[in-house]
Trainee: 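Take this structure first; my questions come after.
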Amino acid sequence: MTTVHWFRKGLRLHDNPALLAAVKEGAELRPVFVLDPWFVKHARVGINRWRFLSQALRDLDDSLRKLKSRLFVVRGSPEEVFPALFKKWDVQKITWEIDTEPYAQRRDEKVERLARESGVEVVCRHGHTLYRTEKIIEANLGKAPLTYVSLEKVVSKLGHPPKPVDTLNDLPESCHVRGEAATDVSYDVPSLKELGVEESQLEPCLYPGGETEALARLKIYMERKSWVCKFEKPKTSPTSLQPSTTVLSPYLKFGCLSPRVMYHQLIQIYKGSAHSKPPVSLLGQLLWREFFYTVGAVTPNFDRMEGNTVCRQIPWVRDDKLMDAWTNARTGYPFIDAIMTQLRKEGWIHHLSRHAVACFLTRGDLWQPWEDGMKVFEELLLDADWFLNAGNWMWLSASAFFNSYFRVYSPIAFGKNTDKHGDYIRKYLPQLAKYPENYIYEPWKAPLATQRAAGCIIGQDYPRPIVDHSIVMKRNLDRMAKAYKAGKEKKASSDNQSSPKKKMKK
DNA sequence: TCTGGCGTTGTTCCC
DNA sequence: GGGGAACAACGCCAG
């Protein structure tokens, strides 16, 4: 008799309630990760995130082997894999951490049904967010909080989230993996090649995946107590050559780090000291995560404009050329192109950099649908998280949550706030490195002699700007005003229809 | 039921 | 260079 713990997110041994539930009765434990070859081929996962995942799996496998267990990476789709495993391993029980993403919900429903059909008990535990999403919705009278303020209020009613559970530090002998299974290489962690990653295309690894790395990184930052207490997100710099924030997001995304562990460490550090507060504090960042997880869970079509009940309908105009230029760092705006280069190379960019390029792609300059930008982020970001990615793209495109659409980031001025000399641009766009400070953000304005002296002719060695920011920004403000007005009128007419009383009054 | 205040992170111009 | 206004503004919530 065996118990399977199915790892998906939650790639950790600390604060993992579902994993603890798997070892409770002392049956042999089979920790499983399912690698679907179809997914490997078709998913929007770039090489950096595949590398991160493979490192996280290897770390998990190493940790499990120290406990006389191992990770079984099983190839196939979950629906095919599990019925076979249930039989082959004489499985009695399967446990997993709840995943609220719509695709995961559908997947888990199917596996749960298959498990029932095989007489296998299914045990699900919560652990990916601070609170159980449904508890927040319940406390907010059945609705998702649509503003950060309302989320904060609901959460304060609930009190602190539960304390982390014990780390799986040792396994009773009965749980050890025995026999041939312990050394069966067909279940080994996949190589990069198996994940379709051409190693020669990889840049040096700045953020290695895995729980060990996550906890080490958390420790380093939590030891900087005064920095933690002073942390205010909007005051951190997007142009810093070393990250000015913690870069714990990829670890939270994969569940290499438990948000509750981070939360309770922050509470301890804050105790007795003056400290920054949500929404700008580090704790506030965890609450933002919670916010998008909560709204996203009860909003249909959260990752699309159409049929999305919180998303304003805006008539974006798809243009492959503009989209392509943005995606491949060829907009001709060095600040934008530098950010997109950092994203592709390193898999992580500062939050405000995300603002700058997302605004530029959508309402600010290129008028492209936010969904298209979201898909590029989904591929390239190590921390690409379904709820946060969709939520933030709606925010930045002023489609939901945020409506001051006239606050447009300038692709020229914004970077100068924290980087007058343009060191950030010089790092990521070395072809522009020799430009003088007064032209680095607008190289097309440099006289030809200056361009020659810098060894980079605009229109030849670096593109001309694809749009004129000052012109398209004004046109887009006008388009936004029209879209807002149309939305308002549509809402008014549907309100009248749904509530005749109001109509009579008017 | 109405009203006024406010919201994580803009820019430019003017004094 | 610091501060304030203009740009034009939705939806929630306390009072």
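Every chain is numbered from 1 and lettered A, B, ... according to where its sequence line falls, protein lines coming before strand lines.
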Trainee: A/L477 near the nucleic acid: base, sugar-phosphate alone, or nothing, with a heavy-atom cut-off under 4.0 Å?
Mentor: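 The answer is nothing, as A/L477 stays clear of every strand by at least 4.0 Å.
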Trainee: Using atom P in both nucleotides, what's the gap between C/dG11 and C/dC7 to the nearest angstrom?
Mentor: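 It works out to 22 Å between them.
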Trainee: Which distance, rounded to the nearest 0.5 Å, do you find between the OG1 of A/T133 and the OH of A/Y131?
Mentor: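 Output value for this atom pair is 12.0 Å.
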Trainee: Look at all strands and tell whether A/K235 reaches a base, only sugar-phosphate, or nothing, counting heavy atoms closer than 4.0 Å.
Mentor: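 Contact class for A/K235: none.
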Trainee: According to the Watson-Crick and G-U wobble definitions, with both distances under 3.5 Å, which nucleotide is paired to C/dA9?
Mentor: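 Matched C/dA9 with nothing under the 3.5 Å cut-off.
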Trainee: Where the side chain of A/W395 is defined as all heavy atoms beyond and including C-beta, which of C/dC10, C/dA9, B/dT9 is the nearest nucleotide?
Mentor: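 In terms of side-chain proximity for A/W395, the closest of C/dC10, C/dA9, B/dT9 is B/dT9.
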Trainee: Once you round it to whole Å, what is the distance between P of B/dG10 and CG of A/L352?
Mentor: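 Result: 9 Å.
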Trainee: Using 30° and 60° as the class limits, which term best fits the ring planes of A/F291 and A/F401: parallel, tilted or perpendicular?
Mentor: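 Plane angle over 60°, so perpendicular.
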Trainee: Between C/dA9 atom P and A/D478 atom CG, what is the distance in whole Å?
Mentor: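 In whole Å, C/dA9 P lies 11 Å from A/D478 CG.
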Trainee: Check the distance between C/dA6's P and A/F406's CZ and give it to me in whole angstrom.
Mentor: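 Distance check: A/F406 CZ to C/dA6 P gives 13 Å.
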Trainee: Expressed as a whole number of Å, how far does the P atom of B/dC6 sit from that of C/dA8?
Mentor: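 About 23 Å, rounded to a whole number of Å.
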Trainee: Using the P atom as the point on both nucleotides, what is the distance between C/dG2 and B/dT8, in whole Å?
Mentor: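 The same atom, P, in both gives a distance of 26 Å.
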Trainee: Quick one: closest heavy-atom pair of A/Y424 and A/L241, and the distance?
Mentor: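 So the minimum-distance heavy-atom pair works out to CA-CD2, 3.7 Å.
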Trainee: Between A/D15 and A/S258, do the side chains contain a donor N or O and an acceptor N or O under 3.5 Å apart?
Mentor: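 A donor-acceptor contact under 3.5 Å links the two side chains.
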Trainee: Just call it for A/V280: base, sugar-phosphate, or nothing, with non-hydrogen atoms closer than 4.0 Å on any strand.
Mentor: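 Result for A/V280 = base.
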Trainee: In whole angstrom, give the distance that lies between atom CD of A/Q285 and atom P of B/dT9.
Mentor: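 Rounding to the nearest Å, CD of A/Q285 and P of B/dT9 are 12 Å apart.
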Trainee: Checking all strands, does A/N392 fall into the base, sugar-phosphate, or nothing category for heavy-atom contacts under 4.0 angstrom?
Mentor: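 Touches nothing.
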Trainee: Under 30°, 30 to 60°, or over 60°: which ring-plane class applies to A/W367 and A/W316, parallel, tilted or perpendicular?
Mentor: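 Correct class here is tilted.
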Trainee: Does A/Y148 lie flat on the base of B/dT8, that is, centres under 5.5 Å apart and planes under 30° off?
Mentor: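 Whether judged by distance or by angle, A/Y148 falls short somewhere, so it does not stack on the base of B/dT8.
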Trainee: Does A/N417 make a side-chain N or O approach to OP1 or OP2 of B/dT9 shorter than 4.0 Å?
Mentor: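 For B/dT9, neither OP1 nor OP2 has a side-chain N or O of A/N417 closer than 4.0 Å.
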Trainee: Between P on B/dG10 and CZ on A/R354, what's the gap in Å once rounded to a whole number?
Mentor: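 Atom CZ in A/R354 sits about 18 Å away from atom P in B/dG10.
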Trainee: In this structure, which one of A/D324, A/D461, A/D337 forms a salt bridge (Lys or Arg N to Asp or Glu O under 4.0 Å) with A/R330?
Mentor: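 Among A/D324, A/D461, A/D337, the one meeting salt bridge (Lys or Arg N to Asp or Glu O under 4.0 Å) with A/R330 is A/D324.
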Trainee: Salt bridge check: are A/D423 and A/K427 linked by an N-O gap of less than 4.0 Å?
Mentor: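 Judged by the 4.0 Å cut-off on N to carboxylate O distance, A/D423 and A/K427 do not form a salt bridge.
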Trainee: Describe the nucleic acid contact of A/F402 in one word from base, sugar-phosphate, nothing, applying a heavy-atom distance below 4.0 Å.
Mentor: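 Here A/F402 touches no strand at all.
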Trainee: With the side chain of A/F414 defined as its heavy atoms from C-beta on, choose the nearest nucleotide among B/dT11, C/dA8, C/dC10.
Mentor: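 Out of B/dT11, C/dA8, C/dC10, the nucleotide with an atom closest to A/F414's side chain is B/dT11.
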Trainee: State the pairing partner of B/dT3; accept Watson-Crick or G-U wobble contacts with both distances under 3.5 Å, and report none otherwise.
Mentor: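 B/dT3 is paired, partner C/dA14.
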Trainee: Compute whether any side-chain donor of one residue and acceptor of the other, for A/H128 and A/R260, lie under 3.5 angstrom apart.
Mentor: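 No donor-acceptor contact under 3.5 Å links the two side chains.
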Trainee: Just the rounded figure in Å: distance from C1' of B/dG10 to CG of A/L396.
Mentor: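 Rounded to whole Å, this separation is 12 Å.
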Trainee: Name the pairing partner of B/dT8, where a pair is Watson-Crick or G-U wobble with both distances under 3.5 Å, or state none.
Mentor: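 B/dT8 is unpaired by these criteria.
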Trainee: Which of the following nucleotides, B/dT8, B/dG10, C/dC10, is nearest to the side chain of A/R407?
Mentor: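 Closest nucleotide to the A/R407 side chain: B/dG10.
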Trainee: Report the distance from atom NE2 of A/H351 to atom P of B/dG10, rounded to the nearest whole Å.
Mentor: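 Roughly 11 Å, once rounded to whole Å.
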Trainee: Side chain of A/V149 only, heavy atoms from C-beta on: which candidate in B/dT8, C/dC10, C/dA8 is closest?
Mentor: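 Selected nucleotide (nearest to the side chain): B/dT8.
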Trainee: Checking contacts here: which listed nucleotide (B/dT9, C/dC7, C/dG11) is nearest the side-chain heavy atoms of A/P234?
Mentor: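 From the listed options, B/dT9 comes nearest.
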Trainee: Hey, does A/K277 reach any base, or is it just sugar-phosphate, or nothing, if we go heavy atoms under 4.0 Å?
Mentor: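 No contact.
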Trainee: Go through C/dA14, C/dA8, C/dC10 for me and flag the one nearest to the A/K153 side chain.
Mentor: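 Among C/dA14, C/dA8, C/dC10, the one nearest the side chain of A/K153 is C/dA14.
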Trainee: At a cut-off of 3.5 Å, list every protein nitrogen or oxygen paired with a nitrogen or oxygen from nucleotides 12-15 of chain B, distance to 0.1 Å.
Mentor:
none

Trainee: Would you indicate which nucleotide in C/dC10, B/dT8, C/dA8 comes nearest to any side-chain atom of A/Y405?
Mentor: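 The closest nucleotide is C/dA8.
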Trainee: What I want to find out is whether A/E97 reaches A/R12 closely enough, with some N-O distance under 4.0 Å, to be called a salt bridge.
Mentor: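 A/R12 and A/E97: salt-bridged.
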Trainee: In whole angstroms, how far is the P atom of C/dA9 from the CD atom of A/E489?
Mentor: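 Atom CD in A/E489 sits about 13 Å away from atom P in C/dA9.
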